[in-house]
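Quick caveat, the model's predicted, so the values are computed rather than measured.
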Amino acid sequence: MYWSDLTQNWSLWFSRFKAQFPNLDEASMPFLKLDRMRFEAHLAETHDMTLHEAREAVDGFLYIETLARAEENKPSVEA
């Protein structure tokens with residue numbers, strides 16, 4: 001999953017990010033959603049993380065969401 005995929009339906013993705021990172025400031029999102037690096041800096045600042053930790057957290061979030069999407073789109077096999 002790419003950052004541009006998230007910005008297509010930001011309200012959905014922001015709610016998922018907010019569930020995992022409750023200190024995100026919704027008022028800042030119109031500007032931050034356009035730039036992943038700025039979003040990561042905001043995440044680090046609001047959650048007492050280093051920038052490296054914030055990047056890893058976003059990478060992990062995107063990886064898990066990609067796996068979840070793949071599972072949802074998997075054709076069901078009926079026995």
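- Side-chain heavy atoms closer than 4.5 Å link hydrophobic residues (I, L, V, M, F, W, Y) into clusters, and following such links, possibly through other members, connects Leu43 to Trp10.
- Considering every non-hydrogen atom in both Asp5 and Trp13, the closest pair reads O-NE1, 4.1 Å.
- Under the 4.5 Å side-chain heavy-atom criterion for Ile, Leu, Val, Met, Phe, Trp and Tyr, Leu32 and Leu12 are members of the same hydrophobic cluster.
- Within a 6.0 Å radius of CG in Asp48, no more than 12 heavy atoms belonging to other residues, nucleotides or ligands are found.
- Using a cut-off of 4.0 Å between Lys/Arg side-chain N and Asp/Glu carboxylate O, Asp25 and Lys18 are scored as not salt-bridged.
- Between Glu40 and Arg36, at least one side-chain nitrogen of the basic residue sits less than 4.0 Å from a carboxylate oxygen of the acidic one, meeting the salt-bridge criterion.
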Inset, instruction - Report the C-alpha separation of Phe14 and Glu26 in whole Å, then their side-chain angles, then the decisive distance to 0.1 Å, and conclude whether the side chain to side chain contact (heavy atoms under 4.5 Å, CB included) test is met. - result: CA-CA 8 Å; Phe14 179 72; Glu26 192 167 354; 3.7 Å; yes
Legend entry - Worked verdict on Leu67 versus Tyr63 for side chain to side chain contact (heavy atoms under 4.5 Å, CB included): CA-CA 6 Å; Leu67 291 177; Tyr63 178 71; 3.4 Å; yes
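- Ring centers of Phe61 and Phe21: at least 6.0 Å apart, outside the cut-off.
- Among all heavy-atom pairs drawn from Ala44 and Thr50, the shortest one is CB-O, 3.7 Å.
- With values rounded to the nearest 0.5 angstrom, Arg16 atom CZ is found 11.0 Å from Ser11 atom OG.
- Here the side chains of His42 and Met29 are in contact, with some heavy-atom distance below 4.5 Å.
- When atom types are taken as modelled, the side chain of Asn23 and the backbone of His47 share no donor-acceptor pair closer than 3.5 angstrom.
- The shortest non-hydrogen separation linking Leu24 to Phe39 is CD1-CZ, 4.0 Å.
- For Gln20 against Pro22, the heavy-atom pair with the smallest separation is O-CD, 3.5 Å.
- When all heavy atoms of Leu34 and Trp3 are compared, the closest pair comes out as C-NE1, 4.4 Å.
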